[in-house]
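To keep things clear, I will list the structure first and then write my remarks on it.
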Amino acid sequence: MRNRIFFKLAAAFAVVIAGATLVLDISIRDVWQSSLSQQMERDLAQKTAMFAMRVNSEAHPDMPQIAKEVAAASGARATIIDPTGRVLADSEADAATMENHAQRPEFAAALQGQTGTNQRRSHTIGVPLLYVAVPIRGGAVRLAYPLSEIAASVAQVQRKVFLGSSLALGAALLLAALAAHLISRRLQRIVRFAERVAGGDLSARIASTSSDEIGQVAAVLDKTARQFEGNFEALRTSQRQLETLLNSMQDAVIAIGPDDRVQWANQTMDRLLPGRTRIQAPIIETVRDPDFLRTLRAARESRAAASARATTIVTGRAFEVTAAPMPAGGTVVVLRDLTETERVEKTRRDFIANVSHELRTPLTSIQGYTETLLDAMTENNHSREFLEIIRKNASRMSRLTEDLLRLARVESGEQRFEISPVLPEELLREAYQSFSEMARAQGVALEIENRVNEPVNADIEAIHQVFSNLIENALKYAASTDRIILGSRPGAQGVEFFVQDFGPGISSEHLPRLFERFYRVDKARSRESGGTGLGLAIAKHIMLAHGSSIRAESELNHGSTFLFTLPFSPAASQVESRVR
Ligand code: ADP
């Protein structure tokens, strides 16, 4: 690398300097040559003019003598011709033997009265010459100067220029090599630094002392490495914090990549499945529970969180599995151990069921004896009144224990539901038949509004219980209503059933808690009307067991509507035949 940059720079410098020297040499030579020839031409023209004056000044000039003297004085060849071009005298040849010179270009111009110049090889002496001719009285004179003199002078200048250029070239090359060496050394330092950073050593630094472009590059790279190190450290800190947080969680957390391999797991997960949570191992080798794997797939396919209960991840323990897709692909799954919560919940349910069960017999006995005593009593005195109170409370307690037992059975799953296809009409009609008389007695019209003719999946008995609770409530709490509508209509998830009254309604702050056990809007009113506070809780759990839910819509003074949905049943033909 060092040599490559060094040689490239050195070669570039050498080419530039050599080129510059060559251009300098050529242009100096040209300028020198042309200025020298112009100088000589001027010189020769002056000398020729003086030669002409000399001839003109004498009355009877001795032409050969003058030519000889002028030639000796000027160092040029001197020639004199008459107006016809005949040579009268020549300093270097015999004039008598010389041919007519009238057609020589310089003489032709001079015989026309002008100064003539020309450069050519001489016919007489065979060397290149510079000729200048000037007119005289009775002809013209000419001086000829050998051009080789000019060439020699130019060659001498060229030698000097070449020598100077060579020396300059040598010195420039030396300087260029030194500069190339220094630049290459600085670049090499930057390369070594960049290689360290690329290799992951973010603590690498490069000190730049110069403010030129290379120094600026080094400073920018140094700043970048510094920023990288800072950001990386912040990232590492937040990663460590996240790891600590996840490891301190009670829940097990496992991250699974898009390739279904384990990417990361917290320590709780390791403790849960010791030796099985291996990074980069396929998830199926770690967890084989079908509910876990289904939830994982559901979250990935729907790109939304999904959850389920899984019971075979660890034998004898139940987990709530929540899977959520990660923005960069893959899924993170949280396992919450439900075993203890479910155990406590079951203990509570069992306790309530047992207490209710145990209370049943003594309560029946109290009710029985009270009624017997009342039957036997003839006088209308205080004892009768007290006995009435005892009977009323005993029957209330009995209803309470019955409702508690029913709720416990539905909640625990002990009550088995027999789901079968049934037409909405059938469900509505059964509820209608059970309550129409009671409603009529209260001056309320019970109406059916059925808009669906497709069967739904339901346990007929259980849904009848839901309708009963809702209609009883409407009769109890919406006494002012003149009608109660039992209806069905198509909904988003199946058929939506509803019980609507036009009574006093329920104010909105009560609606979210209405389905909690023992929640009553008006406690005194509920107790007085024989309510246990469990009717809507039982309805809610029956709907949960159907995989559905129940809700209430109400506005004060505008009546209430209770709604629940049942899914369509695919086995339609079966129902139709049963109904017929
Ligand atoms: P309860 O045994 O007291 O009737 P529920 O769980 O059946 O218990 O009902 C809870 C409370 O909801 C009732 O106490 C009553 O205040 C209110 N409620 C239920 N249905 C209606 C209705 N149709 N109109 C007004 N209030 C109602």
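Indexing begins at 1, ligand by ligand and atom by atom, following the structure's order.
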(message) Salt bridge check, E243 against R240: does any charged N sit closer than 4.0 Å to a carboxylate O?
(response) no
(message) According to side-chain hydrogen bond (donor to acceptor under 3.5 Å, both in side chains), who are the partners of T347, at least two apart in sequence or on a separate chain?
(response)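 T347 satisfies side-chain hydrogen bond (donor to acceptor under 3.5 Å, both in side chains) with no other residue.
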(request) Please list, chain by chain and in numerical order, all residues satisfying side chain to side chain contact (heavy atoms under 4.5 Å, CB included) with R349, sequence neighbours excluded. (result)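 In terms of side chain to side chain contact (heavy atoms under 4.5 Å, CB included), with neighbours along the sequence ignored, R349 is linked to E345, K346, E411, S412.
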(request) Assess the side chains of R391 and T370: does a donor N or O sit below 3.5 Å from an acceptor N or O? (result) no
(request) For T401 and S356, test the side chains for any donor-to-acceptor distance below 3.5 angstrom and give the result as yes or no. (result)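 Result is no, nothing qualifies.
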(request) Any pair with a residue in residues 465-507 that passes ring-ring contact (aromatic ring centres under 6.0 Å, His included), sequence neighbours left out, goes on the list, sorted by first then second residue, please. (result)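 ring-ring contact (aromatic ring centres under 6.0 Å, His included) check on residues 465-507 returns F467-F564, F497-F564.
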(request) Enumerate the protein residues lying less than 4.0 Å from ligand 1, judged by heavy-atom distances, in chain and residue-number order. (result) N473, A474, K476, Y477, D501, I506, L514, Y519, R520, V521, D522, S526, G531, T532, G533, L534, G535, L536, S560, F562
